[in-house]
Amino acid sequence: MVHVAILGFGTVGGGVAEVLTNNAAVLSKKVGEEINLKYILDTRDFPGSPFESKLTHNFEDILNDPEVKVVAECIGGATIALEFVKKLLAAGKHVATSNKEMVATHGHELLAIAKAHNVNFFFEASVGGGIPLLRPLACDLAGNETTEVTGILNGTTNYILTEMLEKDAAFETALKEAQAMGYAERNPAADVEGLDACRKVCILSALAFGFHVYPDQVATEGITSITAEDVEAATAAHMKVKLLGRTMRTDDGKVCAFVSPHFVPSASQLYHVDGVFNGIVIRGNAIGEAMLYGPGAGKLPTASAVVGDMVDAVWHLSQRRMLDWDDADPAKMVDFADLPLPYALRTTASKAEVEAKLGQATALPAGYYLLSAPITRRAIEASGLPLLALRPVFQ
Ligand code: HSE
């Protein structure tokens, strides 16, 4: 029997407890022995919960119990969770987490601690919810030189955009629904302002390119600036407005990472990713292009990924799986404003004025123009054209 524990009995922690319990038989078979959920740590009481007997308010119960080999961290944030995870790794316990904030801000440091103590620190659930994404990127695609990872990385904003576009729902109503379904962050500003996607881009960048990219190195814009004019112009061009998180290798071997509302053409698979679903396109020099798709948020999908990590940890109790990256190197980063991309821009200027400054363009409704050739944001801003909106076009 292997004993495990969960930190945090919120949406994800509750889901992990459920999956471990409801799928106990199938898990035992896969692992070769029973996985016993010995503790759940939370500051609250849960009278009447089927897991009441597992609850403890004392982290030391878990830290000091030599029987507990694997711990799922589902508290979130990078304060108390970080302190607990550091202590657990240093005590020789394997940790699986869904905590993207902690991995995006302290992943390099935590992997170093895990390495020093020969334990695993896994975080599959931190990006893409239940989608198997990070392990395929790190392992199955290891033979590639990765050139780009681009995704719809936030289920809440994709849900809101889909509800607004397809059902004419109001922003606030759609957000409330996303919160009720357990998709949104505790403070949903992290979703709608792009910070959650930014953290996920940091993690994808590190796995794709081998060095830490911190949130402040990722140019980030959320969905609050999206207007009816964006939707009208995108629709006329057979595109959809989607919040994309992107990290890409430039021609000179540097990396550019950003989160921004994009126009996504109907020819792209990402165009068809709606609702709470996430879709992530990975481009590499051997695979060409692959897309991973699935539920990007929610209790059980996220728990599915956490439990998968716990199983992998049980399979590797005495062996650390190779997982590592260097610390950040600002010299290896390119400013988003200097990355040439296809753009759609909205302006009060005429087509002739746009073309005189920025080259050939196609007029769309609502004062939008689709530029024919890739160009940098800096060059567009320096053109002197009165800009109302600027959206990269995904290609
Ligand atoms: N708030 C996040 C989302 C949860 O909506 O994608 C999953 O990371």
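Excluded from the calculations below are hydrogen atoms, water molecules and symmetry mates; all remaining heavy atoms, backbone and side chain alike, are included. Computed from a predicted model, the values in this text were never measured in an experiment. Each ligand, and each atom within it, is numbered from 1 in the order the structure gives.
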Can you give the donor-acceptor pairs under 3.5 Å from side chains of residues 300-315 to other protein atoms, not counting sequence neighbours?
from: T302; atom 1: OG1; to: G298; atom 2: O; distance (Å): 2.7
from: D309; atom 1: OD1; to: R135; atom 2: NH1; distance (Å): 3.1
from: D309; atom 1: OD1; to: R135; atom 2: NH2; distance (Å): 2.7
from: D309; atom 1: OD2; to: F123; atom 2: N; distance (Å): 3.2
from: D309; atom 1: OD2; to: E124; atom 2: N; distance (Å): 2.8
from: D312; atom 1: OD1; to: H316; atom 2: ND1; distance (Å): 2.8
from: D312; atom 1: OD2; to: R135; atom 2: NE; distance (Å): 2.9
from: D312; atom 1: OD2; to: R135; atom 2: NH2; distance (Å): 3.1
from: D312; atom 1: OD2; to: R321; atom 2: NE; distance (Å): 3.1
from: W315; atom 1: NE1; to: K30; atom 2: O; distance (Å): 3.2

| message | Do K332 and F209 form a cation-pi contact, if we require the NZ or CZ to be under 6.0 Å from the six-membered ring centre and within 45 degrees of the ring's axis? | response |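 Negative - K332 is either too far from the ring of F209 or too far off its axis.
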- Query: Looking at Y39, is K54 sitting on its ring face, NZ or CZ under 6.0 Å from the six-membered ring centre and within 45 degrees of the normal?
  - Reply: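 No; the conditions do not both hold, so K54 does not lie above the ring face of Y39.
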Query raised in the report: Picking from V95, L41, I40, what satisfies side chain to side chain contact (heavy atoms under 4.5 Å, CB included) with L7?
Result: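 Testing each of V95, L41, I40 against L7, the sole residue satisfying side chain to side chain contact (heavy atoms under 4.5 Å, CB included) is L41.
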Hey, are the side chains of I380 and I375 touching, using non-hydrogen atoms and a 4.5 Å cut-off?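 A side-chain contact under 4.5 Å exists here.
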Close N/O pairs between ligand 1 and protein, under 3.5 Å:
from: ligand 1; atom 1: 1 (N); to: Y183; atom 2: O; distance (Å): 2.7
from: ligand 1; atom 1: 1 (N); to: E185; atom 2: OE2; distance (Å): 2.6
from: ligand 1; atom 1: 1 (N); to: D191; atom 2: OD1; distance (Å): 2.8
from: ligand 1; atom 1: 5 (O); to: G155; atom 2: N; distance (Å): 3.4
from: ligand 1; atom 1: 5 (O); to: T156; atom 2: N; distance (Å): 2.8
from: ligand 1; atom 1: 5 (O); to: T156; atom 2: OG1; distance (Å): 2.6
from: ligand 1; atom 1: 5 (O); to: Y183; atom 2: O; distance (Å): 3.1
from: ligand 1; atom 1: 6 (O); to: G155; atom 2: N; distance (Å): 2.8
from: ligand 1; atom 1: 6 (O); to: K200; atom 2: NZ; distance (Å): 3.1
from: ligand 1; atom 1: 8 (O); to: K100; atom 2: NZ; distance (Å): 2.6
from: ligand 1; atom 1: 8 (O); to: K200; atom 2: NZ; distance (Å): 2.8

Test F51 against F46 for ring-ring contact (aromatic ring centres under 6.0 Å, His included), laying out the working first.
CA-CA 8 Å; F51 299 102; F46 293 86; 9.9 Å; no
